[in-house]
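Down below is the structure, laid out as structure tokens.
Remember, it's a predicted structure, so these values are computed and weren't measured experimentally.
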There are 2 protein chains.
Amino acid sequence: MNATQAIAALSALAQEHRLAAFRLLVEAGRDGLPAGQIAERLAIPNSSLSFHLTQLSEAGLVQQRRDGRSLVYSANFAAMNGLTAFLTENCCGGESCAGDAAIGPVTGEEETAA
Amino acid sequence: MNATQAIAALSALAQEHRLAAFRLLVEAGRDGLPAGQIAERLAIPNSSLSFHLTQLSEAGLVQQRRDGRSLVYSANFAAMNGLTAFLTENCCGGESCAGDAAIGPVTGEEETAA
DNA sequence: GTGTTATTTCGAGAATTCTCGAAATGTCTT
DNA sequence: AAGACATTTCGAGAATTCTCGAAATAACAC
């Protein structure tokens with residue numbers, strides 16, 4: 001994951017409804033949840049939710065599959081893992097970024113951006 | 001860290017210049033970096049940078065101290081750690097959210113929000 | 001105190017994001 | 001095929017965020 005992808009993922013999660021939706025999908029695990037149920041649980045209009053699911057999807061954080069007339073969304077755990085890895089590596093100095101923080105400089109310039 | 005705080009932190013990092021600034025500060029470690037140097041390295045006007053630094057600061061991700069006429073900013077590693085912890089706990093199902101993902105439901109309702 | 005350097009605050013315009021009803025699309029049932 | 005259901009796309013208005021020059025604030029040097 002490069003900085004551009006990380007920003008996309010961070011932006012996607014940095015919104016009340018999208019974070020809530022994503023947490024619901026994490027909770028739901030592999031099975032996922034149909035869009036309608038997410039909208040209902042979040043108490044927002046379908047069209048609004050659809051907008052947010054598109055954002056999450058474009059950021060690569062969720063995936064879609066059809067089941068009858070329902071579109072079932074599920075969390076992409078690998079992408080989420082990639083995000084936390086990026087944050088730990090680039091924004092914590094490599095370690096769990098815990099307390100003491102002399103923390104080795106992360107001189108990296110590993111990505112050519114997009 | 002609750003969802004509201006997490007959204008603030010995510011929003012703060014979900015922006016090109018702010019993510020770059022924060023990475024610079026992580027690299028700089030404890031010592032931090034004066035505002036002017038950050039603006040220079042990022043090649044953006046001081047006033048723009050100041051805006052972004054305020055955002056990072058309000059999200060609790062950086063702190064400020066004065067050194068002569070310079071304001072020196074430094075990363076708040078504890079806050080960053082809190083964010084990754086939140087993401088791991090709430091958006092990964094508790095585990096490193098790695099691959100297999102039956103992942104125990106995170107039924108939590110641990111926070112009353114702000 | 002005057003001048004210089006470092007940085008922030010103000011203000012306004014540009015750009016982006018969010019919201020949600022109405023219409024369109026795709027699927028199932030009969 | 002017609003009707004119902006699940007969801008998305010479209011479009012436009014509302015809200016928020018980003019940008020940056022100019023003016024204000026703070027600290028130092030003389």
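In this structure, A:Glu16 atom CD and C:dT17 atom P are separated by 18 Å, rounded to whole Å. Rounded to whole Å, the distance from CG on A:Asp67 to P on D:dC5 is 18 Å. Spacing between atom CG of A:Leu49 and atom P of C:dT19 amounts to 11 Å, rounded to whole angstrom units. The separation between A:Leu13 atom CG and C:dC18 atom P is 12 Å, rounded to whole Å. Regarding B:Leu33, its CG atom lies at a distance of 14 Å from the C1' atom of C:dA6, rounded to whole Å. Straight-line distance from the CZ atom of B:Phe51 to the P atom of D:dC20: 12 Å, rounded to whole Å. Going from atom CD1 of B:Ile7 over to atom C1' of C:dT17 covers 15 Å, rounded to whole Å. Separating the CZ atom of A:Arg65 from the P atom of D:dT8 is a distance of 14 Å, rounded to the nearest angstrom.
Comparing C:dT8, D:dT7, D:dT19 against the side chain of B:Asn46 picks out C:dT8 as the nearest. Relative to the side chain of A:Ser70, the nucleotides C:dT8, C:dT19, D:dA6 differ in distance, and D:dA6 lies closest. Checking C:dT8, C:dT19, D:dT8 against the side-chain heavy atoms of A:Ser50 singles out D:dT8 as nearest. Taking only side-chain atoms of B:Leu71, from C-beta outward, the nucleotide of C:dT8, D:dG21, D:dT8 with the closest atom is C:dT8. Comparing D:dC18, C:dC18, C:dT19 by their closest approach to the side chain of A:Gln55 singles out C:dC18. Distance from the side chain of A:Pro45 is smallest to C:dG21 among C:dT27, D:dC18, C:dG21. Nearest nucleotide to the side chain of A:Gln15, out of D:dA22, C:dT19, C:dG26: C:dT19. Out of C:dT8, D:dT8, C:dT4, the shortest distance to the side chain of B:Arg69 is found at C:dT4.
OP1 or OP2 of C:dC20 lies within a sub-4.0 Å distance of a side-chain N or O belonging to A:Ser48. Contact annotation: B:Gln64 side-chain N/O to C:dT8 OP1/OP2 distance is under 4.0 Å.
Heavy atoms of other residues, nucleotides or ligands lying less than 6.0 angstrom from CD of B:Gln64 number more than 12.
Listed for the B:Arg30 side chain is no donor-acceptor partner under 3.5 Å among the backbone atoms of B:Gly32. Formation of a donor-acceptor pair under 3.5 Å by the A:Ser50 side chain with backbone atoms of A:Asn46 is not found in this model. The backbone N or O of B:Ala12 lies less than 3.5 Å from a partner atom in the side chain of B:Arg18, making a donor-acceptor pair. At least one donor-acceptor pair closer than 3.5 Å links the side chain of B:Asn2 to the backbone N or O of B:Gln5. Panel note: side chain A:Asn76, backbone A:Gly60; a donor-acceptor pair is recorded below 3.5 Å. Formation of a donor-acceptor pair under 3.5 Å by the B:Asn90 side chain with backbone atoms of B:Phe86 is found in this model.
In DNA chain C, the stems built from three or more successive Watson-Crick or G-U pairs (distances below 3.5 Å) are C:1-30 with D:1-30.
Partner of B:Tyr73 under the side-chain contact (heavy atoms from CB on, under 4.5 Å) criterion, out of B:Leu24, B:Val62, B:Leu33, B:Leu56: B:Val62 alone.
A:Glu40 comes within 4.0 angstrom of no nucleic acid atom, judged by non-hydrogen atoms across all strands.
When each of B:Ala35 and A:Ile44 is assigned the nucleotide of DNA chain C bearing its nearest heavy atom, the one mapping closer to the 5' terminus is B:Ala35. Residue whose closest nucleotide on DNA chain D sits further toward the 5' end, between B:His52 and A:Tyr73: A:Tyr73.
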